[in-house]
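The structure under discussion appears below in the form of structure tokens.
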Amino acid sequence: MVNRPKLEIPKTKIEVWHDIVSIAILAGTFIYLYFVWPTLPERIPIHFNGLGEVDGWGSKSSLFMLPIISVVLYVGLTILGYYPHTFNYLREITEENAHRQYVIARMMISWMKIEIMVLLSYIEWQVVFGNMKGLGGGFLPVILIVFLGTIMFYAVRSLRTP
């Protein structure tokens with residue numbers, strides 16, 4: 001294992017903002033689910049194919065899976081953000097560039113965290129809202145562009161940062 005500097009870097013304002021928004025999205029999803037629960041049908045879509053069409057059905061209690069997965073991912077990514085010295089980097093990490101590279105890596109994790117919260121909450125909202133036809137064919141390409149775009153943006157930023 002590579003011996004990299006372990007730095008205590010306070011969260012940036014953007015990371016704090018992302019955490020606030022992510023927690024608000026999570027809380028909003030649970031609150032929304034609580035209020036619409038009595039009006040939901042017993043059978044709801046629980047899986048979508050690559051075209052965004054419904055290809056699996058289940059009970060309305062399945063709706064708790066996405067918010068629970070969201071919480072697990074949020075907590076996991078938050079914990080991961082405290083250990084940037086363990087990440088894989090495109091550049092060699094030295095004492096001189098460690099702080100900058102760690103902040104870039106944590107920002108990528110922070111953006112991914114909020115994107116995941118928005119994505120899973122959107123899917124939950126679509127299912128609860130009653131869109132029994134699916135998410136639409138453009139859903140998957142948009143998601144891939146957003147996630148891959150974020151990764152590419154921060155990869156290029158990491159490579160350009162001395």
Side-chain angles (χ1 to χ4, degrees), residues 1-34 46-52 55-56 62-129 134-162:
M1 177 156 176
V2 178
N3 234 354
R4 293 192 182 128
K6 295 179 183 176
L7 307 176
E8 299 231 359
I9 303 170
K11 286 188 174 190
T12 65
K13 289 180 182 180
I14 293 174
E15 288 175 294
V16 171
W17 176 247
H18 285 171
D19 283 343
I20 291 168
V21 172
S22 293
I23 291 169
I25 290 169
L26 283 169
T29 301
F30 279 105
I31 292 167
Y32 182 64
L33 190 55
Y34 173 79
I46 60 168
H47 195 269
F48 303 89
N49 65 20
L51 296 175
D55 66 357
S62 303
L63 287 171
F64 286 108
M65 288 303 292
L66 284 179
I68 290 169
I69 290 169
S70 296
V71 169
V72 169
L73 288 172
Y74 175 81
V75 169
L77 289 171
T78 299
I79 292 169
L80 182 66
Y82 290 111
Y83 302 99
H85 61 279
T86 64
F87 297 176
N88 290 324
Y89 290 90
L90 298 172
R91 303 180 63 111
E92 181 181 350
I93 302 300
T94 64
E95 292 285 339
E96 294 78 33
N97 72 2
H99 185 274
R100 291 185 304 273
Q101 291 294 327
Y102 291 176
V103 169
I104 290 169
R106 280 194 2 200
M107 286 300 298
M108 183 184 76
I109 295 290
S110 185
W111 274 106
M112 297 295 286
K113 186 167 40 174
I114 198 166
E115 290 168 0
I116 290 168
M117 297 307 113
V118 168
L119 166 67
L120 295 179
S121 292
Y122 173 76
I123 293 170
E124 184 83 5
W125 178 75
Q126 283 290 0
V127 171
V128 169
F129 190 64
L135 299 171
F139 181 74
L140 184 59
V142 168
I143 294 307
L144 288 174
I145 289 169
V146 168
F147 283 106
L148 293 177
T150 300
I151 292 167
M152 292 303 297
F153 174 82
Y154 282 101
V156 169
R157 191 167 180 190
S158 175
L159 287 171
R160 289 186 177 174
T161 300

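All values reported here derive from a predicted model rather than from experimental measurement.
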Evaluate the ring planes of Tyr122 and Trp125, with Trp represented by its six-membered ring, and classify them as parallel (under 30°), tilted (30 to 60°) or perpendicular (over 60°).
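It falls in the tilted class, 30° to 60°.
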Check: [X] side chain, [Y] main-chain N or O, donor-acceptor pair, under 3.5 Å:
X: Glu95; Y: Pro5; answer: no
X: Arg100; Y: Pro162; answer: yes
X: Arg4; Y: Glu92; answer: no

Please determine, by modelled atom types, if Asn97 and Thr94 share a side-chain donor-acceptor pair under 3.5 angstrom.
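Thr94 and Asn97 do have a side-chain donor-acceptor pair below 3.5 Å.
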Report the distance from atom [atom1] of [X] to atom [atom2] of [Y], rounding to the nearest 0.5 Å.
X: Ile46; Y: Met65; atom1: CD1; atom2: CE; result: 9.5 Å
X: Leu77; Y: His18; atom1: CG; atom2: NE2; result: 13.0 Å
X: Ile114; Y: Leu119; atom1: CD1; atom2: CG; result: 12.5 Å
X: Ile20; Y: Glu15; atom1: CD1; atom2: CD; result: 12.0 Å
X: Lys113; Y: Met107; atom1: NZ; atom2: CE; result: 10.5 Å
X: Leu73; Y: Leu120; atom1: CG; atom2: CG; result: 6.5 Å

With a 4.5 Å cut-off on side-chain heavy atoms, are His85 and Tyr83 touching?
yes
Would you indicate whether the side-chain heavy atoms of Tyr102 and Lys6 approach each other to under 4.5 Å?
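Sidechains of Tyr102 and Lys6: no contact.
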In residues 26-34, what donor-acceptor pairs under 3.5 Å come from side-chain atoms, sequence neighbours left out?
unit_1, atom_1, unit_2, atom_2, d
Thr29, OG1, Ile25, O, 2.9
Thr29, OG1, Ser121, OG, 2.8

Decide side chain to side chain donor-acceptor pair (under 3.5 Å) for Ser158 and Gln101; before the verdict, give the C-alpha distance in whole Å, the side-chain angles of both, and the deciding distance to 0.1 Å.
CA-CA 6 Å; Ser158 175; Gln101 291 294 327; 2.5 Å; yes
Non-hydrogen atoms of [X] and [Y] that approach each other most closely:
X: Pro10; Y: Arg106; answer: O-NH2, 3.1 Å
X: Pro84; Y: Tyr89; answer: O-OH, 2.6 Å
X: Phe87; Y: Gly81; answer: CZ-CA, 4.5 Å

State whether the number of non-hydrogen atoms from other residues, nucleotides or ligands found under 6.0 Å of Ile14 atom CD1 is greater than 12.
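Check fails, neighbour count at 12 or below.
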Between Met117 and Ile23, does the side-chain contact (heavy atoms from CB on, under 4.5 Å) criterion hold? Intermediate values first, please.
CA-CA 9 Å; Met117 297 307 113; Ile23 291 169; over 6 Å; no
Exercise answer: donor-acceptor pairs, residues 140-157 side-chain atoms, under 3.5 Å, sequence neighbours excluded:
unit_1, atom_1, unit_2, atom_2, d
Thr150, OG1, Glu115, OE1, 3.2
Thr150, OG1, Glu115, OE2, 2.5
Thr150, OG1, Val146, O, 2.9
Tyr154, OH, Trp111, NE1, 3.1

